[in-house]
Amino acid sequence: MERQKIKNILLNGETSKQVLVKGWVRTKRGSKNVNFIALNDGSTIHNLQIVADVNNFDDEILREINTGASLSVMGKLEESTGSGQKVELIAETIELLGKADPEKFPIQPKKHSLEFLRENAHLRFRTNTFGAVFRVRHAMAFAIHKYFNEKGFYYLHTPIVTASDAEGAGQMFRVSTLDAKNPPLTDKGSVDYSQDFFGRPTNLTVSGQLEGELGATALGEIYTFGPTFRAENSNTTRHLAEFWMIEPEMAFYDLKDNMDLAEEFLKSLIKYALENCMDDLQFLGNRLKEEEKNKPQEQRSMDLIEKLEFVLNNDFVRITYTEAIEILKNSKPYKKKKFQFPVDWGVDLQSEHERYLVEKHFKCPVILTDYPKEIKAFYMKQNADGKTVGAMDVLFPQIGEIIGGSQREESLEKLEKRMKEMNIPAEEMWWYLDIRRFGSVIHSGFGLGFERFIQFVTGMGNIRDVIAFPRTPKNAEF
RNA sequence: UCCCUAGUAGCUCAGUUGGUUAGAGCGGCGGACUGUUAAUCCGUAGGUCGUAGGUUCAAGUCCUACCUGGGGAGCCA
């Protein structure tokens with residue numbers, strides 16, 4: 001007999017039919033004559049209720065059906081006489097596939113703190129919350145590929161190991177096969193990387209963008225979706241040392257095209273989540289409400305599903321950096337000196353400023369554009385005013401910057417000049433400059449932090465709870 | 001990296017101005033129960049109070065250092 005998924009049975013199972021299911025026990029309840037087993041197989045957040053007549057089974061096997069144990073159950077699907085579920089499985093045979101010692105299995109049928117579950121990341125998939133998060137995460141990854149594929153973008157695999165350290169996106173992880181205790185040295189006493197595996201210093205990538213531009217200026221539109229590594233000592237709810245990033249890069253796109261794409265892209269993902277993950281989103285929404293029950297009203301977040309629908313149905317606000325500075329200077333917290341950091345044209349916006357704009361002033365996702373060139377990367381399109389560059393950051397409530405992107409400088413001359421000003425070694429990046437030498441075109445792109453986006457969709461407050469095995473400073477367990 | 005905060009039973013936490021033998025709920029185990037919904041009821045076991053020093057007649061409680069977690073900031077996605 002073929003095994004059926006619980007999702008399928010709950011959706012369109014026919015009563016009086018013989019079915020076979022396999023899964024893990026969430027709880028077992030019982031009385032003298034009958035035992036109820038909530039079985040979950042990961043296909044859905046919902047459990048299938050198994051009804052076991054005590055008289056039909058050995059005491060031995062019933063005793064070993066504990067939370068966490070795995071079972072194979074065959075029986076007849078029937079309408080449930082109890083409330084809480086439409087159908088239930090009247091067990092005829094139960095095979096205990098794997099025991100779970102109730103004294104040792106850490107996941108109990110009760111509420112666990114997210115901190116505790118993080119320390120049991122290998123088992124936390126077995127909880128409702130993490131089951132929901134990882135099903136949604138999968139759906140979003142799939143929706144990303146679907147969106148770009150339908151738009152004619154090509155999925156480009158940019159390298160994980162890179163020799164360029166000029167990407168300017170923070171500290172990198174060194175990749176080396178040299179003996180760390182006793183590395184070969186040059187005459188001058190520094191480490192001789194010419195003897196290393198690649199014959200030069202190499203690192204894990206901090207961005208696939210530069211290689212992405214090479215692909216885009218031939219294939220037209222590409223995107224990357226891969227792991228990214230930053231060796232920053234960041235200890236926040238929004239940072240990981242290893243995270244996943246989506247980086248589309250498009251030839252012939254100017255900054256406005258870039259913004260249009262970013263907005264349409266985000267909305268299509270949210271739409272996909274609402275259409276395909278409603279069960280899980282509802283659970284996550286309730287979880288969030290429960291968690292925030294003790295918070296004062298004004299600190300509570302909007303209902304998860306309402307929030308997603310709101311973002312889907314409203315245009316993102318688009319303003320320039322200069323306009324944002326004006327708004328901040330006229331704001332109440334600025335006048336009352338509530339901001340901790342200064343607001344002046346030329347300084348980078350702090351999270352408190354971004355939060356004010358998004359959460360208080362506009363109450364809506366905001367795209368900020370045209371930042372001062374001094375606070376942005378060398379490759380961004382230099383605007384005619386000589387002061388700003390064609391950058392765009394998409395700011396979301398609670399998460400902050402979810403997308404960072406720009407139109408890229410396509411003029412070889414201007415780019416080389418800017419690199420010189422910023423002390424970026426042009427010789428090492430000859431390949432990056434070559435696309436400006438040969439058939440240069442305007443082009444744009446952006447990077448979406450996948451985990452930050454999953455935080456937004458699931459309402460999870462800590463980025464470590466939306467990736468299976470988080471890598472953070474001092475933590476690489478599992 | 002900086003600031004704040006926490007670490008007591010398997011989990012979540014209480015533990016008074018330092019004072020005798022360290023507490024609860026949940027979970028586990030044993031039993032009861034006519035179909036339960038994180039079932040309920042009765043009983044029971046379970047602790048090097050994060051680690052190392054120090055102050056004191058006396059430290060879970062006070063002090064110092066370190067470790068780990070959480071929140072915030074910076075850096076960024």
Side-chain angles (χ1 to χ4, degrees), chain A residues 26-38 46-54 63 66-68 78-85 88 90 100-120 127-128 167-171 205-209 226-247 262 290 339-341 348-352 354-355 375-377 393-396 399-405 446-456 461-467 472-475 477:
Chain A
R26 284 297 173 77
T27 58
K28 185 182 69 170
R29 300 171 289 274
S31 62
K32 200 178 200 173
N33 299 319
V34 68
N35 272 279
F36 299 95
I37 302 156
H46 301 297
N47 302 323
L48 178 64
Q49 173 154 283
I50 311 290
V51 182
D53 189 327
V54 172
R63 200 171 316 120
N66 304 116
T67 300
E78 294 293 359
E79 233 171 85
S80 179
T81 53
S83 58
Q85 59 281 315
E88 61 193 16
I90 313 298
D101 184 342
E103 300 234 30
K104 292 185 182 138
F105 185 62
I107 312 297
Q108 303 161 1
K110 62 169 278 188
K111 213 178 205 99
H112 287 292
S113 66
L114 294 173
E115 292 83 357
F116 172 75
L117 292 171
R118 225 168 275 151
E119 285 166 16
N120 290 279
T127 63
N128 286 332
E167 287 166 7
Q171 289 289 109
T205 182
V206 291
S207 164
Q209 179 202 318
T228 308
F229 307 88
R230 306 262 167 101
E232 301 285 351
N233 191 6
S234 295
N235 292 287
T236 79
T237 54
R238 304 181 304 283
H239 288 86
L240 292 164
E242 177 183 289
F243 63 100
W244 290 69
M245 190 154 63
I246 298 100
E247 295 179 288
E290 189 68 19
F339 287 137
Q340 208 187 321
F341 292 89
D348 210 353
L349 297 180
Q350 304 293 325
S351 359
E352 60 178 355
E354 295 180 351
R355 291 188 75 129
I375 58 173
K376 287 290 179 186
D393 284 0
V394 181
L395 308 179
F396 264 31
I399 316 285
E401 185 183 339
I402 199 163
I403 279 182
F446 61 82
L448 169 70
F450 188 51
E451 283 77 16
R452 286 194 185 170
F453 180 69
I454 301 301
Q455 278 187 279
F456 179 76
N462 193 317
I463 201 164
R464 291 160 204 175
D465 297 329
V466 296
I467 189 166
T472 52
K474 301 272 184 311
N475 186 6
E477 190 78 54

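Numbered from 1 within each chain, the chains take letters A, B, ... in sequence-line order.
Using a 4.0 Å heavy-atom criterion, one finds that A:T27 contacts the sugar-phosphate atoms exclusively.
Partners of A:F341 under the ring pair (Phe, Tyr, Trp, His ring centres under 6.0 Å) rule, at least two apart in sequence or in another chain, do not exist in this structure. Applying the side chain to side chain donor-acceptor pair (under 3.5 Å) rule to A:N233 yields the partners A:N235; only residues at least two apart in sequence or on another chain are considered.
Distance from the side chain of A:S351 is smallest for B:G74 among the nucleotides B:G74, B:G70, B:U37. The A:S234 side chain lies nearest to B:C75 when the options are B:U36, B:C75, B:C26. Comparing atom distances between the A:R452 side chain and each of B:A77, B:U36, B:A73 picks out B:A77 as nearest.
B:U17 is unpaired under the Watson-Crick or G-U wobble criterion, no partner having all donor-acceptor distances under 3.5 Å. Across every strand in view, B:C62 sits in a pair with B:G54 that passes the Watson-Crick or G-U test at under 3.5 angstrom. Across the strands present, B:A73 finds its partner in B:U1; the criterion is a Watson-Crick or G-U wobble pair with both atom distances under 3.5 angstrom. Across the strands present, B:A9 finds no partner; the criterion is a Watson-Crick or G-U wobble pair with both atom distances under 3.5 angstrom.
The base of B:G27 does not come close enough to the side chain of A:E103 for any donor and acceptor atom to sit less than 3.5 Å apart. Between the side chain of A:H239 and the base of B:C76 there is at least one donor-acceptor pair of N/O atoms closer than 3.5 Å. Residue-to-nucleotide contacts include no donor-acceptor pair under 3.5 Å from the side chain of A:E88 to the base of B:U37. A donor-acceptor contact under 3.5 Å is not formed by the side chain of A:K32 with the base of B:C33. The base of B:U1 is paired with the side chain of A:N235 by a donor and an acceptor separated by under 3.5 Å.
The side-chain ring of A:F243 is stacked on the base of B:A77, judged by centre separation under 5.5 angstrom and plane angle under 30 degrees.
Judged purely by atom type and a 3.5 angstrom limit, A:N120 uses its side chain to pair as donor or acceptor with the backbone of A:F116.
Rounding to the nearest 0.5 angstrom, the gap separating the OG1 atom in A:T27 from the CG atom in A:N47 is 7.0 Å.
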